[in-house]
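Comments concern the structure below.
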Amino acid sequence: MRFRSLSRPRRALATLAAASLALAGCSSSGGSSNASPGGSKDYKGKTLTLWHYEGADSAMGIAWNQAIKDFKAKYPGVKVKFEAKGFEQIQKNANMILNSDSAPDILEYNKGNGTAGLLSKLGLLTNLTSAVHNYGWDKKLGSSLQTTARYSKGVMGSGDWYGVPNYGEYVMVYYNKKMFTKYGVPVPTTYDQFVTALDTFRQKGVTPIANGGAEYPAQQIFYELDLAKADRQFVNDYQLYQHKVDFHGPQLTYAAQTFADWVKKGYIAKDSANLKAQDMGNAFEQQKNPIMISGSWWYGTFKNEIKNFDWGTFLFPGNKLDPGSSGNLWVVPAKSKNKSMAYDFIDITMQPDVQNLLGNSGGIPVAADVAKITDPKNKELIQNFDKLSAQDGLAFYPDWPTPSYYDTLVAGVQELINGTKSPSGFLDSIAKPYNDYRSQLGK
């Protein structure tokens, strides 16, 4: 089973101060691209170095493996040196690696202000704006999906393109149909019904929600609860710094208090603070917990691995906003030695055959022919994403606002689970680093 670390999943970069010193002479543009598709391109004998951290059995891993085959077929004699990297391996060392001669030609990287935004600001990524227009990728990506690909002074949502997504993702509720039937629990369609379902399982001796407090899962549950009381303006304030965020306002206070209450009531296990995302996924597969609140990146794995019970998904009941966005980005390091090859590979991942394969493997394509998606579950996955996109319901991820916020939230939510911090104390602990970073940006 693959370890789907962080969309989510996102560790802090090595220290910003060190990076800034090392990059003092770098341009913030990272160089621009004037590449274009078509024409005669001879890549014979050349090698494209590609990094990503998707599991081989994931929808993205399956589709991108096909893209590598298509790339080699289109450009005879070309070589592709694919290196599977762990998410944290890339995230912790990105600034050092990308500022060296060991930088790959293209890699998957997390979107958001504290990740791709920071690297674009430091001049480590190539400005892809010209390539995006020349290849027509902007025509394939809706405005909500473009948000996380464009950055101005490190802040997403506008400016130049520094990455290209070719899939979408969002957080949903996975549920074990067998266990719901066994314990007489109807599938909830409202928030109140959802809480009743949690309570019913608990009364029957079952901890309903699988969790991983040591990584991203717990903070995404916290964020779902925050979004239950939030609107788009709150998301824009929190993620894009449009206005100051009140960390003791109704949205975050409700989320912190409710999360702590769910732990006290046994909806979330008190011993889940030190569990990782993979532990959470294992628990759901082993039918220890009937519910898992996590991302679409698990979909392909569950489809391949769960054989002994039926499962389904639904959007978090009552919410009009959910964690989600475009998928991670293809980025081209400023020090890439084969930028033109990198652009041509990105273009292949945007072609219908690869996009359709991604959709039929349990992913969420951005440019597929929906009529070619044959599996009913996969169609449901894509339709829910389309529903969220249409209602402007993609609220990004809670750790995006600062480069180190992932660690801040992990530590804070762990203390909520352990009971070593009150909801108010937890909110104080996550407010300070957020406000400090916002001040650094001059917001």
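What's counted below: heavy atoms across the whole structure, side chains too, no hydrogens, waters or symmetry copies.
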Check for a donor-acceptor pair, side chain of [X] on one end and backbone N or O of [Y] on the other, with a separation under 3.5 Å.
{"X": "D105", "Y": "L50", "result": "no"}
{"X": "S272", "Y": "L275", "result": "no"}
{"X": "S120", "Y": "G117", "result": "yes"}
{"X": "N304", "Y": "G300", "result": "yes"}
{"X": "Y167", "Y": "N328", "result": "yes"}
{"X": "S152", "Y": "S158", "result": "no"}
{"X": "S439", "Y": "N435", "result": "yes"}
{"X": "N65", "Y": "G61", "result": "no"}
{"X": "Q239", "Y": "W400", "result": "no"}
{"X": "R150", "Y": "W161", "result": "no"}

We want to know whether [X] and [Y] form a side-chain donor-acceptor pair, criterion being a heavy-atom distance below 3.5 angstrom.
{"X": "E224", "Y": "N319", "value": "yes"}
{"X": "S326", "Y": "T148", "value": "yes"}
{"X": "T349", "Y": "N166", "value": "yes"}
{"X": "N236", "Y": "H243", "value": "no"}
{"X": "N176", "Y": "Q287", "value": "yes"}
{"X": "W137", "Y": "D347", "value": "yes"}
{"X": "Q278", "Y": "E215", "value": "no"}

Any salt bridge linking [X] with [Y]? Criterion: basic side-chain nitrogen under 4.0 Å from a carboxylate oxygen.
{"X": "E54", "Y": "K85", "result": "no"}
{"X": "K307", "Y": "E305", "result": "no"}
{"X": "D375", "Y": "K303", "result": "yes"}

**Message:** Please list all pairs meeting salt bridge (charged side-chain N to carboxylate O under 4.0 Å, His left out) that have one or both residues in residues 176-187, counting only residues at least two apart or in different chains.
**Reply:** K177-D310
**Message:** Suppose the criterion is salt bridge (charged side-chain N to carboxylate O under 4.0 Å, His left out): which pairs have a residue in residues 226-248, not counting sequence neighbours?
**Reply:** R232-D392
When rounded to the nearest 0.5 angstrom, what is the spacing between [atom1] in [X] and [atom2] in [Y]?
{"X": "N378", "Y": "E380", "atom1": "CG", "atom2": "CD", "answer": "10.0 Å"}
{"X": "Y437", "Y": "K443", "atom1": "OH", "atom2": "NZ", "answer": "10.5 Å"}
{"X": "K72", "Y": "F345", "atom1": "NZ", "atom2": "CZ", "answer": "10.5 Å"}
{"X": "K270", "Y": "I268", "atom1": "NZ", "atom2": "CD1", "answer": "12.0 Å"}
{"X": "L388", "Y": "L394", "atom1": "CG", "atom2": "CG", "answer": "5.5 Å"}
{"X": "M292", "Y": "I221", "atom1": "CE", "atom2": "CD1", "answer": "9.5 Å"}

Is the shortest side-chain heavy-atom distance between [X] and [Y] below 4.5 Å?
{"X": "Y151", "Y": "K111", "answer": "yes"}
{"X": "K81", "Y": "L48", "answer": "no"}
{"X": "Y299", "Y": "T313", "answer": "yes"}
{"X": "T49", "Y": "F82", "answer": "no"}
{"X": "L329", "Y": "Y162", "answer": "no"}
{"X": "W51", "Y": "E108", "answer": "no"}
{"X": "I62", "Y": "D57", "answer": "no"}
{"X": "I209", "Y": "N289", "answer": "no"}

**Item:** Criterion side chain to side chain donor-acceptor pair (under 3.5 Å) on D261 and Q257, from CA distance to verdict
**Value:** CA-CA 6 Å; D261 288 345; Q257 186 62 60; 3.0 Å; yes
**Message:** Between D322 and Y223, is the side chain to side chain donor-acceptor pair (under 3.5 Å) condition met? List the steps.
**Reply:** CA-CA 8 Å; D322 288 285; Y223 194 46; over 6 Å; no
For residues 361-374, which side-chain N or O atoms pair as donor and acceptor with protein atoms under 3.5 Å away, sequence neighbours left out?
{"residue": "S361", "atom": "OG", "partner": "L357", "partner atom": "O", "Å": "2.7"}
{"residue": "D369", "atom": "OD1", "partner": "A371", "partner atom": "N", "Å": "3.1"}
{"residue": "T374", "atom": "OG1", "partner": "N360", "partner atom": "OD1", "Å": "3.3"}

**Message:** If you compare all heavy atoms of A273 against all heavy atoms of N418, which two are closest, and at what distance to 0.1 Å?
**Reply:** CB-OD1, 3.4 Å
**Item:** Aromatic ring proximity F180/Y175, centre distance under 6.0 Å
**Value:** yes
**Message:** Is the positively charged end of K377 above the ring of W311, judged by distance under 6.0 angstrom from the centroid and angle within 45° of the axis?
**Reply:** yes
Would you call the rings of [X] and [Y] parallel, tilted or perpendicular, where under 30° means parallel and over 60° means perpendicular?
{"X": "Y191", "Y": "F194", "value": "tilted"}
{"X": "Y183", "Y": "F201", "value": "perpendicular"}
{"X": "Y238", "Y": "Y434", "value": "parallel"}
{"X": "H52", "Y": "W330", "value": "perpendicular"}

**Request:** From the options L128, V164, D344, select the one residue that forms a side chain to side chain contact (heavy atoms under 4.5 Å, CB included) with Y135.
**Result:** D344
**Message:** If we check side chain to side chain contact (heavy atoms under 4.5 Å, CB included) with P333, which of these qualifies: T126, L107, L124?
**Reply:** L107
**Request:** Determine whether more than 12 heavy atoms belonging to other residues, nucleotides or ligands lie under 6.0 Å from atom NZ of K387.
**Result:** no
**Prompt:** Has K379 got more than 12 heavy atoms of other residues, nucleotides or ligands less than 6.0 Å from its NZ?
**Reply:** yes
**Request:** Could you give me the CA-CA distance, side-chain angles and deciding distance for Q219 and Y405, then say whether side chain to side chain donor-acceptor pair (under 3.5 Å) is met?
**Result:** CA-CA 11 Å; Q219 62 184 258; Y405 216 44; over 6 Å; no
**Asked** Can D436 and K432 be said to form a salt bridge (charged side-chain N to carboxylate O under 4.0 Å, His left out), step by step?
**Response** CA-CA 6 Å; D436 288 348; K432 186 178 187 306; 2.8 Å; yes
**Message:** Please identify which of these residues, F316, F302, F314, F309, meets the ring pair (Phe, Tyr, Trp, His ring centres under 6.0 Å) condition with Y174.
**Reply:** F302
**Request:** Give the C-alpha distance, both sets of side-chain angles, the deciding distance and a yes or no for side chain to side chain donor-acceptor pair (under 3.5 Å) between N110 and Y53.
**Result:** CA-CA 10 Å; N110 261 46; Y53 42 82; 2.5 Å; yes
